[in-house]
There are 4 protein chains.
Amino acid sequence: MPGGQTERTLSPREIKRRKILRAAIDVFAEKGYFAARMTDVAHRADVADGTLYLYFEGKEHLLVSIFDDMFSTFIQQLQAEIAELSDPLEKLRVMLRLHLQALGRDRALAHVLQIETRHSRRFMNLFTRGRLDEYLGLLRGIIEEGQELGRFRRDIKPGLATKVVFGAVDELVTSWLLADRETRLEAQLPNMMKLLSQGLVPCEMHDVE
Amino acid sequence: MPGGQTERTLSPREIKRRKILRAAIDVFAEKGYFAARMTDVAHRADVADGTLYLYFEGKEHLLVSIFDDMFSTFIQQLQAEIAELSDPLEKLRVMLRLHLQALGRDRALAHVLQIETRHSRRFMNLFTRGRLDEYLGLLRGIIEEGQELGRFRRDIKPGLATKVVFGAVDELVTSWLLADRETRLEAQLPNMMKLLSQGLVPCEMHDVE
Amino acid sequence: MPGGQTERTLSPREIKRRKILRAAIDVFAEKGYFAARMTDVAHRADVADGTLYLYFEGKEHLLVSIFDDMFSTFIQQLQAEIAELSDPLEKLRVMLRLHLQALGRDRALAHVLQIETRHSRRFMNLFTRGRLDEYLGLLRGIIEEGQELGRFRRDIKPGLATKVVFGAVDELVTSWLLADRETRLEAQLPNMMKLLSQGLVPCEMHDVE
Amino acid sequence: MPGGQTERTLSPREIKRRKILRAAIDVFAEKGYFAARMTDVAHRADVADGTLYLYFEGKEHLLVSIFDDMFSTFIQQLQAEIAELSDPLEKLRVMLRLHLQALGRDRALAHVLQIETRHSRRFMNLFTRGRLDEYLGLLRGIIEEGQELGRFRRDIKPGLATKVVFGAVDELVTSWLLADRETRLEAQLPNMMKLLSQGLVPCEMHDVE
DNA sequence: GATGAATGAGTCTTCATTCAT
DNA sequence: AATGAATGAAGACTCATTCAT
């Protein structure tokens, strides 16, 4: 999610902006957003306290910026990779793989995005969910496409399916985060794909249902 | 989830304790845990500020107590209702139904449990997740039982399935909460059960997978 | 201006309120409003920093309250004493005497009212001048009455005369304040009355004018 | 008051100095000295923040310089015009006319001189009053001269008369400023001269006094 | 037990000033 | 000379908690 796709040359301003953002991610992940003090972030970024305010409007904006920056980079990458595929199931798999990879690669970032960024309804309504809708929209698009092509079961509302899929991945990430395992997050992908696509109950018993 | 199964007579102390807890739920839901002030809770409960500390150790303990009280009542009810069933799929359905009912019935409580109670890793590790494990254990037990009885697909790790199911319900609740819909939360149950049990992909295409 | 006319018993709250106000007057007079820190006021009043905010909304409100408290007490006294007189010139004399006495008696208060309370247009428009209008209205009333009775020259606009009289007293106070003299402020009254009532130029030369 | 009597050619440095001073007057008048930020002044003057410090020692010096610059120009003009007159009453009239003209012509400047420049005892003692003494000395000289020549009443202390006259004009200016009238300040001069020279009380009633 | 007035530690933010370029 | 990015000291205010009544 971070790095990689950056242009050859970054302006000095952009470099410092990212240094501060990185410091904020690390500090927020370590101490939590509320316990973190602006001065901690400044020290970690190796700048003066006041400098933070030359790049960000305030503490909350720092948190919002983490979300926005990482998210928009991620969504772009997602769209690029998905565009090249035709099979909806394949698109879904790639989407979830990128999701798990992006977060699995950067534990501190994952912390901030999974937890600190969801600390209140106000914050979620104002920031988290707003951005998340782009992701959910992409996901829903894939599901609807799959239904049209007959690759996905048609008797399930795409809105609900979107929530179930997102909820599943999201919980996977959160429990990986909190359990502090050594497992690679991505390793769970095949199993999860099977479960989501085929369900809990074997086919021959579906009539029972 | 609250009330209902309590004994006939509650001690005056217990009555006031619950009054405070209810006030805390409402205030936390309205303003968010951090923005809520102890004095707000006291006013809502119609007691003096200092009185809160005769019943709870402090602000954080108030939040923990909400979780614990509601959760233990809920888990008890869950176990009682499930014990009477034999079919794992039925158990699962009842479990999720109770989950959705309990939260769908009390929006303020749902707010607190879904959001305020998850505001930091520290809090989740210390309180939220600890209590949640009882719920997750119950869920996992049902899934394992289903696999043993051949009612559930055996090629899926029960740990993963537990997370997927919990993640799905959890997300359902959260999006219901944030969207502020008029929908009854419980109404989504049949659709979700179908999706979880049969998966996204129709049986005849499973080989493709 | 302060004290004197207070009721027999003051509530404990009112006592503490006045203690804080007195501390604020002294601190503002010593260090100036802007240089004064809230913690200075709290220390002087012998209360905790936070206690200030139980009695006043903030630093600015402290300054406004000094003005309002002292001014309303003063205006009341003024009206009471003037009501008993009939001669406009006498009324004027009493008014100015009370003015000079009230401020001459309490140098710190005079400092705050003459200087700190006039630090910006915004503050003057919002607070100082608004209150002052009551005083100016009283003054103007006396002048108009004097003109009607033929005791004061009729060819002078009362609005202008009001300003001239107020400006003269006000400047007298300010220069007394800044010169840090030992003179009693009140001692200047007879001279000033003569000047205001008879003017700079002897009568026999008025035609020259 | 500004410009006018300056030499034909100003050094580039002096030009920029004045540009900054003008910017400071406007910004201080608009936002008040304390609320004004150095960066506001720099922007208004169309120079970089740091440049201000190549011309002025700091924010306070900017305010002092406004006072000094404008005042010394004013005093010079005053002395020149008065020197040509012989009648003390005429001198007084010219002095007050110039005073009212100078401020009436430049509202922003008047703001700064009447209000911002008097924000604290420290500032007044250190700067405002010090410069003002030149003005007051001039005024006092005229009054004493008038008394010697028998044109002014001898039974009034010149010090007091000076204060009364200055206070009257000063208040006139301040109330003109705050009332935000459309009146020309200077228009009040004749009336004020009459009041100051002949007093409030008609001659035939002076014995009453 | 209940009260609620008092406490005081804790922190985000502003902005005058500096100095490397 | 001019720039403007960076600095960092400083302080008003909040609010969880206590404790004398």
Side-chain angles (χ1 to χ4, degrees), chain A residues 11-13 16-17 20 34-43 45-62, chain B residues 12-13 16-17 20 31 33-43 45-62, chain C residues 11-13 16-17 20 33-43 45-62, chain D residues 12-13 16-17 20 31 33-43 45-63:
Chain A
S11 66
R13 180 172 173 86
K16 188 165 277 188
R17 202 190 108 97
I20 292 172
F34 285 100
R37 284 164 300 142
M38 287 301 266
T39 210
D40 295 333
V41 176
H43 275 65
D46 212 43
V47 298
D49 290 18
T51 303
L52 299 181
Y53 295 85
L54 297 177
Y55 291 83
F56 300 93
E57 285 156 37
K59 193 180 181 185
E60 185 165 274
H61 184 229
L62 218 35
Chain B
R13 179 171 174 86
K16 188 168 277 191
R17 201 190 106 96
I20 292 173
K31 321 186 87 170
Y33 174 71
F34 285 101
R37 285 163 299 146
M38 288 300 267
T39 210
D40 294 333
V41 176
H43 273 69
D46 213 43
V47 299
D49 290 17
T51 304
L52 298 181
Y53 294 84
L54 299 176
Y55 291 83
F56 300 93
E57 286 156 36
K59 193 181 182 185
E60 186 165 273
H61 184 229
L62 219 35
Chain C
S11 65
R13 180 172 173 84
K16 188 166 278 189
R17 203 190 106 97
I20 292 172
Y33 174 71
F34 285 100
R37 285 164 299 142
M38 286 302 267
T39 211
D40 295 332
V41 176
H43 275 65
D46 212 45
V47 298
D49 290 18
T51 303
L52 299 181
Y53 296 87
L54 297 177
Y55 291 83
F56 300 93
E57 284 156 36
K59 194 180 180 185
E60 184 165 274
H61 184 228
L62 219 34
Chain D
R13 180 172 173 84
K16 189 168 276 189
R17 201 190 106 98
I20 293 173
K31 321 186 86 169
Y33 175 71
F34 285 100
R37 285 164 298 146
M38 288 299 266
T39 209
D40 294 334
V41 176
H43 273 70
D46 214 44
V47 299
D49 291 16
T51 303
L52 299 180
Y53 294 85
L54 299 176
Y55 292 83
F56 301 93
E57 286 156 36
K59 193 181 182 185
E60 186 166 273
H61 184 230
L62 219 35
L63 188 55

Engineer: Which part of the nucleic acid, if any, lies within reach of A36(B) when heavy atoms closer than 4.0 Å are counted: base, sugar-phosphate only, or nothing?
Structural biologist: sugar-phosphate

Engineer: I need the CD-P distance between E57(A) and dT14(E), as an integer number of Å.
Structural biologist: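 Atom CD in E57(A) sits about 10 Å away from atom P in dT14(E).
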
Engineer: What is the distance, to the nearest angstrom, from the NZ atom on K59(A) to the P atom on dT13(E)?
Structural biologist: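 Whole-Å distance recorded here is 8 Å.
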
Engineer: If each of F34(D) and L54(C) is mapped to the nucleotide of DNA chain E with the nearest heavy atom, which maps nearer the 5' terminus, i.e. the 5' end?
Structural biologist: L54(C)

Engineer: Look at the rings of F34(D) and F34(C) and say which category their plane angle falls in: under 30° parallel, 30 to 60° tilted, over 60° perpendicular.
Structural biologist: parallel

Engineer: I want to check a possible cation-pi pair here: K59(D) against Y53(D), using under 6.0 Å from ring centre and within 45° of the ring axis as the test.
Structural biologist: no

Engineer: Look at the side-chain N and O atoms of K16(A) and state whether any lies under 4.0 Å from the OP1 or OP2 oxygen of dA6(F).
Structural biologist: yes

Engineer: E60(A) has an atom CD; how far is it from atom P of dT11(E), in whole Å?
Structural biologist: 18 Å

Engineer: Would you name the heavy atoms of L52(B) and I20(B) that are closest together and state the gap between them?
Structural biologist: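 Of all heavy-atom pairs spanning L52(B) and I20(B), the closest is CD2-CG2, 3.6 Å.
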
Engineer: Specify the residue among G50(D) and Y33(B) whose closest nucleotide of DNA chain F lies further upstream toward the 5′ end.
Structural biologist: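 Its nearest nucleotide lies further toward 5', so the answer is G50(D).
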
Engineer: Once you round it to whole Å, what is the distance between C1' of dG8(F) and CZ of R37(A)?
Structural biologist: 15 Å

Engineer: Would you say T51(A) reaches dA6(F)'s phosphate, i.e. side-chain N/O to OP1/OP2 under 4.0 Å?
Structural biologist: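 So the side-chain polar atoms of T51(A) never come under 4.0 Å of the phosphate oxygens OP1 or OP2 of dA6(F).
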
Engineer: Rounded to whole angstrom units, what separation is found between the CZ atom of F56(B) and the P atom of dT18(F)?
Structural biologist: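 That distance rounds to 16 Å.
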
Engineer: Does a side-chain N or O of Y53(C) approach OP1 or OP2 of dT7(E) to a distance below 4.0 Å, or not?
Structural biologist: no

Engineer: Find the distance M38(C):CE to dA9(E):P and express it as a whole number of Å.
Structural biologist: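 One finds 17 Å between P of dA9(E) and CE of M38(C), rounded.
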
Engineer: Whole Å only: how far is the OH atom of Y55(D) from the P atom of dT17(E)?
Structural biologist: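 Value for this atom pair: 18 Å.
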
Engineer: If you find the nucleotide of DNA chain E closest to A35(A) and the one closest to A48(B), which residue's nucleotide is nearer the 5' end?
Structural biologist: A48(B)

Engineer: Has the side chain of Y55(B) got a donor or acceptor atom that lies under 3.5 Å from a matching backbone atom of L62(B)?
Structural biologist: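 Not confirmed, Y55(B) side chain does not pair with L62(B) backbone.
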
Engineer: Report the base-pairing partner of dA1(F) (Watson-Crick or G-U wobble, both distances below 3.5 angstrom), or none.
Structural biologist: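 For dA1(F), the partner nucleotide comes out as none, under the 3.5 Å rule.
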
Engineer: If pairing requires Watson-Crick or G-U wobble contacts with both distances under 3.5 Å, which nucleotide is the partner of dG10(E)?
Structural biologist: dC13(F)

Engineer: Look at all strands and tell whether G58(B) reaches a base, only sugar-phosphate, or nothing, counting heavy atoms closer than 4.0 Å.
Structural biologist: sugar-phosphate

Engineer: Please report the distance, rounded to the nearest Å, between CG in D49(B) and P in dT18(F).
Structural biologist: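 These atoms are roughly 13 Å apart.
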
Engineer: Should we count CD of E57(D) as having more than 12 external heavy atoms under 6.0 Å?
Structural biologist: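 Counting other residues, nucleotides and ligands, CD of E57(D) stays at 12 neighbours or fewer.
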
